[in-house]
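The structure under discussion appears below in the form of structure tokens.
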Amino acid sequence: MKENRNQLYVELQSIADQGIVLFLDGSPSTPEHVTHAVCAAEESCYMRDYVYDESEGVLKELHFDKLHEV
């Protein structure tokens with residue numbers, strides 16, 4: 001579990017270092033906050049949503065949104 005947490009943090013830090021903005025449930029966030037939320041969510045899941053700049057074809061934002069049961 002700790003290894004998965006560290007891998008996620010390293011991945012998100014790398015993404016943030018490239019200037020890609022991270023969002024957690026609709027608000028700008030940090031690699032630390034996203035990692036904590038995703039790893040602490042035992043009974044729920046987070047979905048990744050990749051937002052690209054259509055004109056440049058580059059990733060601009062990475063959103064993590066909690067999935068709610070219907």
Side-chain angles (χ1 to χ4, degrees):
M1 183 69 128
K2 186 174 182 176
E3 182 178 320
N4 291 342
R5 182 184 187 103
N6 289 339
Q7 288 175 342
L8 178 60
Y9 174 77
V10 168
E11 174 191 1
L12 295 178
Q13 186 62 57
S14 173
I15 289 170
D17 288 346
Q18 296 174 53
I20 299 165
V21 182
L22 300 174
F23 284 80
L24 180 63
D25 290 324
S27 298
S29 194
T30 64
E32 295 87 1
H33 286 119
V34 173
T35 300
H36 176 74
V38 169
C39 292
E42 293 180 7
E43 295 185 20
S44 58
C45 298
Y46 278 85
M47 177 181 71
R48 289 185 186 206
D49 185 19
Y50 297 88
V51 179
Y52 288 89
D53 180 328
E54 297 290 328
S55 64
E56 297 179 28
V58 296
L59 183 62
K60 294 191 67 137
E61 299 175 356
L62 177 55
H63 294 239
F64 286 81
D65 297 307
K66 186 183 267 187
L67 297 178
H68 300 282
E69 301 228 5
V70 180

Membership question, hydrophobic clusters at under 4.5 Å side-chain separation (ILVMFWY): are I20 and L24 in the same one? yes
So, using salt bridge (Lys or Arg N to Asp or Glu O under 4.0 Å) as the criterion, who are the partners of E32 when residues are at least two apart? none
What I'd like to find out is whether the side chain of P31 reaches to under 4.5 Å of the side chain of L22, using heavy atoms alone. yes
So which pairs with a foot in residues 36-57 pass ring pair (Phe, Tyr, Trp, His ring centres under 6.0 Å), sequence neighbours left out? none
Suppose the criterion is salt bridge (charged side-chain N to carboxylate O under 4.0 Å, His left out): which pairs have a residue in residues 10-27, not counting sequence neighbours? E11-R48
Among residues at least two apart in sequence or on other chains, which ones pass side-chain contact (heavy atoms from CB on, under 4.5 Å) with S14? Q18
Quick check on side chain to side chain contact (heavy atoms under 4.5 Å, CB included): which of V34, V38, T35 does Y9 satisfy it with? T35
Identify every side-chain donor-acceptor pair in residues 55-64 under 3.5 Å, counting partners at least two apart or on other chains, and give the distances.
{"residue": "S55", "atom": "OG", "partner": "D53", "partner atom": "OD1", "Å": "2.7"}
{"residue": "E61", "atom": "OE1", "partner": "H63", "partner atom": "NE2", "Å": "2.8"}

Other ILVMFWY residues reachable from F23 by side-chain steps of under 4.5 Å: V21
